[in-house]
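Worksheet for the structure shown next.
Protein chains get the first letters and strands the later ones, always in sequence-line order, with residue 1 at the start of each.
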Amino acid sequence: MSTDSTSAPNFIRNQISEELEQGRLNQLVTRFPPEPNGFLHIGHAKSICLNFGLAEQFGGRCHLRFDDTNPAKEEQVYIDAIRDDIEWLGFHWSGDVRYASDYFEQLYEWACHLIREGLAYVDDLDAEQMREYRGTLTEPGRPSPWRERSVAENLALFEAMRNGDFEEGEKVLRAKIDMASPNINLRDPTLYRIRHAAHHQSGERWKIYPAYDFTHGQSDAIEGITHSLCTLEFEDHRPLYNWFLENLPVPSQPRQIEFARLNLNYTVTSKRKLKLLVDNDIVDGWDDPRMPTISGMRRRGYTPASVRKFCDMVGVARAAGVVDIQMLYHAIRSDLEENAPRAMCVMKPLKVVLSNLEEAFEQRFEVAGHPAREDMGTRSLPLTREIWIDRDDFMEEPPKKFFRLAPGQEVRLRNAYVIRCDEVIHDDSGEVSELRCSVDLETLGRNPEGRKVKGVIHWVSVAHGVPVEVRNYDNLFTVEAPDRDRDGDFLDHLNPESLETVQAIGEPALAEIEPESRFQFERVGYFCADRYDSAPGRPVFNRTVSLKDGWAKAQKKA
RNA sequence: UGGGGUAUAGCCAAGUGGUAAGGCACCGGUUUCUGGUACCGGCAUUCCCAGGUUCGAAUCCUGGUACCCCAGCCA
């Protein structure tokens, strides 16, 4: 697919290119700053595409920086998964992976600087008391009784905090800004809290950890980030972000710009909720193919290009909306339509005996790997007297305009002959168990004379078909906005049919395929060999997305 | 009159004073050995509402309305 990511204009790109043109900016430097407390999801993909895409496009740099200021929630496994996800998407960060924890010493010094300037103090209030003193949205807060400690005392106390002389929660360092500010973030926000926890990067070195607000902007400044792009909920934090930049001797002045986070219908994009799905074994891990995580989408069969194209289609703006999941489906379908080789695979096998062929009949067809891509070569397809077709392609009492198989009706076997259904055989329970059909040997590569055969169905030789496990995935939720249930739980809307496993029968070429190979199973959908469970000789496919089904749609309307 | 934001089609989204891009979805049609794809055509006399300025307004002004975010020692 030749979609260059982030090609569409948006307000951030416009701003940057203007700054570049006017010479107010030399080189663009962005950053992607995940907290390693979960897996990346499709919402993060939007941010990754924005940050890395912008840097790529304007010849700038993009840093990967882990915002690792909360050891209690973070783990190395997440760091590894996040790096993999970004690389899989096809982006490259500038320089080494960075960590906010790399700057802990500098941050500590800057905290001392604030104390010396009379702009920070150690507070003994506990969390509950602090909340009371903070006031409410409509009422101003009151100053803490500890707000006017001397610089010397604050310095000593803060050092003692660092040394581990206090228990967790006993003291915090706060900025001294304005307890009456209408912006709650400015009511003396917490800068440091005590945590006697081991940190995945800094180990046991620290007993105190800086809060997000005191870390992010300064880290940006240290790295020379020019544009710090984040989501809308941080808008209220921008005055604080700037306050630190103004009151600290930082080496550069980054600028924070906010954009709307991505919401997708029929799914949830909240690390907390995703973690809940994982922890309660509702899904099979963070990379379950039903998860909107990047690794889940990878396992499901999405391509990096399709994810990038999707992000590009969605755009970047400041209006919070919900994107239709059909857009995602479109992105992957259009990629795979062009790039996935074709194969035939029968999902619900129904035996068909081609009665006018001899027992030992066998003919092989050299068939295109892709109808429009000669570079994909050909594959060999054997036809024998007994074949499997899909049960959905036969109806004993068909409605009008049913172009598939029915008693007395003709249909083309894809890549082979036209056949006519002569006889329907039922089992004891009355279920259709077998079809007897006759082959018109004059119809290979040409249409029969005097009649129009509109239907084409897929099939597999009984003698040569290979058993294939197919996992048909569907939306994890049955409602558009599972998040937004005011008096229920999002778990109430789980789709009980989000996974259906079937034992299918595929054409011979599917026997020896590598994990993560993608195919279009003709007339059915796009499938990807599971990266963990599939192996040559034992294929397991995940349905990435179905093909559009005009027949089903027409039936629904009728 | 707590603060900060956002309103353009069913959904996403361009557009920043010159007469409503594009994509998804949807609806027709053509082609087709995938009821897929591709192709052609349709889909906002109007931009949250009401006034005003102007030759001219989605864009400027005034006044409303709706929705989103904020009271972690999370990010």
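Across all strands shown, nothing is found opposite B:A14 as a Watson-Crick or G-U wobble partner with both distances under 3.5 Å. Here B:C47 sits opposite no nucleotide as a Watson-Crick or G-U wobble pair (both hydrogen-bonding atom distances under 3.5 Å).
Across the protein-nucleic acid pair, A:L232 atom CG and B:U6 atom P stand 8 Å apart, rounded to whole Å.
Straight-line distance between the C1' atoms of B:A13 and B:G4: roughly 24 Å, to the nearest whole Å.
Of the candidate nucleotides B:A75, B:A25, B:C33, B:A25 has the atom lying nearest to any side-chain atom of A:K548. Taking the side chain of A:T190 as heavy atoms from C-beta on, and the options B:A25, B:A75, B:C73, the nearest nucleotide is B:C73. You'll find that the side chain of A:M130 is closest to B:C73, out of B:A25, B:G15, B:C73.
In this structure, a donor-acceptor pair under 3.5 Å is present between the side chains of A:Q256 and A:E258. With 3.5 Å as the limit, one finds no donor-acceptor pair spanning the side chains of A:Y78 and A:E35. Under the 3.5 Å distance criterion, with hydrogens and angles disregarded, a donor-acceptor pair is assigned to the side chains of A:D220 and A:Y241.
Donor-acceptor pairing under 3.5 Å, judged by distance alone, is present between the side chain of A:R404 and the base of B:G35. With hydrogens and angles ignored, no donor-acceptor pair under 3.5 angstrom links the side chain of A:D549 to the base of B:G35. Between the base of B:U37 and the side chain of A:E338 there is no donor-acceptor pair shorter than 3.5 Å.
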Could you go through the side chain to side chain contact (heavy atoms under 4.5 Å, CB included) check for A:D393 and A:R523 one step at a time? CA-CA 11 Å; A:D393 287 333; A:R523 305 206 316 125; 2.3 Å; yes
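Dashed line: the shortest gap from a side-chain N or O of A:R193 to OP1 or OP2 of B:A75 is under 4.0 Å.
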